[in-house]
Amino acid sequence: MTLDEAAARLAQLGNRSRLEIMRLLIKAGPEGLSVGEIQAHLGMPASTLAFHLRGLVSAGLVRQTKDGRTVLCRPCFEVLAEVTDFLRQECCTGLPAREGAARDAA
């Protein structure tokens, strides 16, 4: 995952409403929830929910499938894992030496 991809995905999660949607879908598990079920749980207007879901879908964090007139939303656990792995990728590896650090220490 590139820095730009991670930033785009994290930006989508940086909004309270989208974070609420994501957490709800994660609680629901791989089966996901219909748009109507999400709306009922969160009490969010349909147009607002549609706007936020579009952002989550475009970032690859949510997958939508249509079954007749029902739109089912499922969390994309693989993408979420990629984002968290990206954040932890260089955990505790130490910082690179700064240019002029030896000079500053003197």
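G32 and P75 make their closest contact through CA-CD, 4.4 Å (heavy atoms, listed as atom of the first residue, atom of the second, distance). The two atoms that bring I21 and H52 nearest to each other are CD1-CB, 3.6 Å, heavy atoms only. What you find for L80 and M22 is that their closest heavy atoms are CD1-CE, 3.7 Å.
Within a 6.0 Å sphere centred on CZ of F77, heavy atoms belonging to other residues, nucleotides or ligands number more than 12.
Atom CZ of F86 is separated from atom OG1 of T2 by 7.0 Å, given to the nearest 0.5 angstrom. Taking OG of S58 as the start and CG of L53 as the end, the distance is 10.5 Å to the nearest 0.5 Å.
At least one side-chain heavy atom of F51 sits under 4.5 Å from a side-chain heavy atom of R18. C73 places a side-chain heavy atom less than 4.5 Å from the side chain of V35. A heavy-atom distance below 4.5 Å is found between the side chains of L10 and L87. For the pair V83/M1, a side-chain contact is recorded, criterion being any heavy-atom separation below 4.5 Å from C-beta on.
Under the salt bridge (charged side-chain N to carboxylate O under 4.0 Å, His left out) criterion, the residue pairs touching residues 65-79 are R63-E78, with sequence neighbours excluded. Residue pairs meeting the salt bridge (charged side-chain N to carboxylate O under 4.0 Å, His left out) criterion with at least one member in residues 5-16, sequence neighbours excluded: R9-E82.
Residues that satisfy the side-chain hydrogen bond (donor to acceptor under 3.5 Å, both in side chains) test with S47, not counting sequence neighbours, are absent from this structure.
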